[in-house]
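I have placed the structure first, in the form of structure tokens, so that the comments after it can refer back to it.
This is a predicted model, so every value here is computed, not measured. Order of the sequence lines sets the chain letters (A, B, ...), proteins ahead of strands, with each chain counted from 1.
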Amino acid sequence: MFNSMSNSDHHLISLIVSSTGKLHLRQIYAFLLRTSLIRNSNVFHHFLSRLALSLVPRDIDYSRRVFSHRSNPSVSHCNTMIRAFSVSQTPGEGFRLFRSLRRKSSLPPNPLSSSFALKCCIKSGDLLGGLQIHGKIVSDGFLSDSLLMTTLMDLYSTCENSTYACKVFDEIPHRDTVSWNVLLSCFLSNKRTRDVLLLFDKMKNEVDGCGKPDAVTCLLALQACASLGALDFGEKVHYFIDENGLGGALNLSNTLVSMYSRCGAMDKAYQVFNRMSEKNVVSWTAMISGLAMNGFGREAIEAFNEMLKFGISPEEQTLTGLLSACSHSGLVDEGTMFFEKMRSGEFKIQPNLHHYGCIVDLLGRARLLDKAYSLITSMEMKPDSTIWRTLLGACRVQGNVELGERVISHLIELKAEEAGDYVLLLNTYSSVGKWEKVTELRSLMKEKKIHTKPGCSAIELQGTVHEFIVDDNSHLRKEKIYKMLAEINQQLKIAGYVADITSELHNLDSEEEKGHALTYHSEKLAIAFGILATPPGTTIRVTKNLRTCVDCHNFAKFVSDVYDRVVIVRDRSRFHHFKGGSCSCNDFW
DNA sequence: ATAGGGTTAG
């Protein structure tokens, strides 16, 4: 038998596959219509694939029209169209197309169309649509399709339902490295970072037939380390990468640079960075942002200039890193200059909200609060809650009650006010002694049932991350820790430290209940644990979820002097390197 | 018949 496809089909298809640009494809389409070759299903398939999936820029409207002209689309035609929607700006349409084709029975059950439809729901964050597809998967009998199940996990992960994702994972018949990786990715994006590390260990030890960690696994584990500030574990992953020959990939090296900087280990970050044979914008951005975060503003600017010398153009994130370097290090003139260069189009990138945020922060630290306020009101885009919150933080540091009140009204107007914002205002009041305002705001918060997020600090010892919350009682060695803390307080008092527990009120509920009983912020507990559990002279690294308060900041300064330890605290946005009684930052004065 | 699926850097 001859192959049913003729020679001319071959030519036509190769012409379609190699076609470039929209005009070219339109000409081909006209030709196909004129010659009735469009009726050839195979030819149509190739045409639609080219048009809907590989044309740049994509033209989803044209694809949709071409598709709807076909009276009897085959499974592959439908799948191509649904897939095209899944990577378009209107993924919801892909799901609706899938549903209507299935309802009209013009699309027989097949795992691929379900997979593409799921992708559509993932992209549009449509949990309800995804649940409908899940139902179809069950009734179609595709539950044993591992690839489809993996996509389903990703749906639940994106829709912030890690419990469902786990359930699906448990029922996958043959779990391979990718299924495990999706689970890791799920935990990473759903605030279950510690579970990522547990899973990594499990995979490394090949417990109950899980896949062996690959480059993606390491990438995810490194991100988890970065987020937790788990340096020891990060080094372990680094070692694993080298040992298994997974290194060399640009994305892995870039993630390593980022992980080391986000763990406050700039020497290690430099080491990886310098040894990279190839560097792209992402590498430079990671380095610049890392330097910024650690308070090395000058070095960040140097790195930026060097990057330009290599002929690499900055991206939005690069400039965010650069500007935040200037703000964190108080380089007002430099920051302003780079910002002006941006606005004049020198980098071909227009300022976005992040960039404005950095400048607001910069002006705030330079005590130019009014200038910061007028910059926000003059922006071409609508200010978001983060930018107002930045200004509110500056108001708190400088005790500017009047502006603080104005800022919070903006936040309320945006319906974006959070417990932390009220705490900032509260602390602004208390820092200037407006006690009646404090009482007033407190009862308002009680009325509105605003509950503050508890501060949480983590410290890593030999690969294990220990977490503490305010007044934590859960740790195995709590008695020893509290005893240690009492002793530290005594030592610090001798050195001149005065505890200031009234000006910063992170946990209002417990504060009210206990009156003036001793309350311990989580970072103090973590630092005390660090002193207790590590030999003298060891650097203490603490990671905190909120901003460090004035009192804890002061506490850490004294500890670094009295106990002769380097204390590195990573808070919400940056690092504080304490050494010999002082801190690298200029946040508090 | 055609060819088509899962995770992943700053």
* Structure fact -> A/E334 meets the side chain to side chain donor-acceptor pair (under 3.5 Å) criterion, sequence neighbours left out, with A/R298
* Can you find an N or O donor on one side and an acceptor on the other, under 3.5 Å apart, linking the side chain of A/N79 with the base of B/dG5? -> no
* To do: Choose from B/dT2, B/dT7, B/dA9 the nucleotide whose nearest atom is closest to any side-chain atom of A/D154.
  => B/dT7
* Qualifying salt bridge (Lys or Arg N to Asp or Glu O under 4.0 Å) pairs, either residue in residues 271-282 of chain A, two or more places apart -> none
* Asked: For A/S76, which contact category applies under a 4.0 Å heavy-atom criterion: base, sugar-phosphate, or nothing?
  -> base
* Side chain of A/L220: nearest nucleotide among B/dT8, B/dG4, B/dG10? -> B/dT8
* Asked: Below 3.5 Å, does any donor atom in the side chain of A/N254 face an acceptor in the base of B/dA9, or the other way round?
  -> yes
* Does the B/dG5 base have a donor-acceptor partner in the side chain of A/D145 within less than 3.5 Å? -> yes
* **Proximal nucleotide (of B/dT2, B/dT8, B/dG4) relative to the A/S185 side chain** => B/dT8
* Have a look at A/V182 and say if it touches a base, only the backbone sugar-phosphate, or nothing, with a 4.0 Å heavy-atom cut-off. => sugar-phosphate
* Which residues pass the side chain to side chain donor-acceptor pair (under 3.5 Å) test with A/N110, sequence neighbours left out? -> A/N79, A/S113
* **Strand contacts (DNA chain B) in residues 314-325 of chain A, 4.0 angstrom heavy-atom criterion** => A/E315, A/Q317, A/T318
* Whole-Å distance separating the CG atom of A/N190 from the P atom of B/dT7 -> 16 Å
* Under the side chain to side chain donor-acceptor pair (under 3.5 Å) test, residues paired with A/E299 that sit two or more places apart -> none
* Are A/F339 and A/Y356 an aromatic pair by the rule of ring centers under 6.0 Å? -> yes
* When we call it a touch if two heavy atoms are under 4.0 Å apart, what does A/L219 touch: a base, just sugar-phosphate, or nothing? -> sugar-phosphate
* Taking N and O atoms by type only, does the side chain of A/S41 place a donor or acceptor under 3.5 Å from a partner on the base of B/dA1? -> yes
* Whole angstrom value for the distance that separates C1' of B/dG6 from CG of A/D176 -> 8 Å
* If you draw a 6.0 Å radius around CZ in A/R572, do more than 12 non-hydrogen atoms from other residues or ligands fall strictly inside? -> no
* Among B/dG6, B/dA3, B/dA9, find the nucleotide with the atom closest to the side chain of A/N251. => B/dA9
* Structure fact -> When rounded to whole Å, the CG to P distance for the pair A/L51 and B/dT2 reads 22 Å
* Structure fact -> side-chain contact (heavy atoms from CB on, under 4.5 Å) with A/I122: of A/L152, A/L155, A/L127, only one passes, and it is A/L155
* Does anything in residues 178-197 of chain A pair up under salt bridge (Lys or Arg N to Asp or Glu O under 4.0 Å), and if so which pairs, sequence neighbours excluded? -> A/R192-A/D195, A/R194-A/E467
* Check every strand shown and say whether A/S179 touches a base, only sugar-phosphate, or nothing at a heavy-atom separation below 4.0 Å. => base
* Asked: NA contact type, A/L148, heavy-atom cut-off 4.0 Å: base, sugar-phosphate, or nothing?
  -> base
* To do: Round to a whole Å and report the spacing from CG of A/L32 to P of B/dT2.
  => 19 Å
* Structure fact -> Separation of B/dG4 atom P from A/R50 atom CZ, nearest Å, is 13 Å
* Among B/dG4, B/dT2, B/dT8, the one nearest A/S74 by side-chain distance -> B/dT2
* Asked: In whole angstroms, how far is the P atom of B/dT7 from the CD atom of A/Q223?
  -> 14 Å
* Asked: Ignoring hydrogens and angles, are the base of B/dG10 and the side chain of A/T285 linked by a donor-acceptor pair under 3.5 Å?
  -> yes
* Protein-nucleotide distance (A/I133, atom CD1; B/dG5, atom P), rounded to Å -> 18 Å
* Structure fact -> Looking only at B/dG10, B/dT8, B/dT2, the nucleotide nearest the A/A286 side chain is B/dG10
* To do: Report the distance from atom CD1 of A/I241 to atom C1' of B/dT8, rounded to the nearest whole Å.
  => 12 Å
* A/W180 and A/F169 aromatic centres sub-6.0 Å -> yes
* Can you find a side chain N or O atom of A/K119 that sits less than 4.0 Å from OP1 or OP2 on B/dT7? -> yes
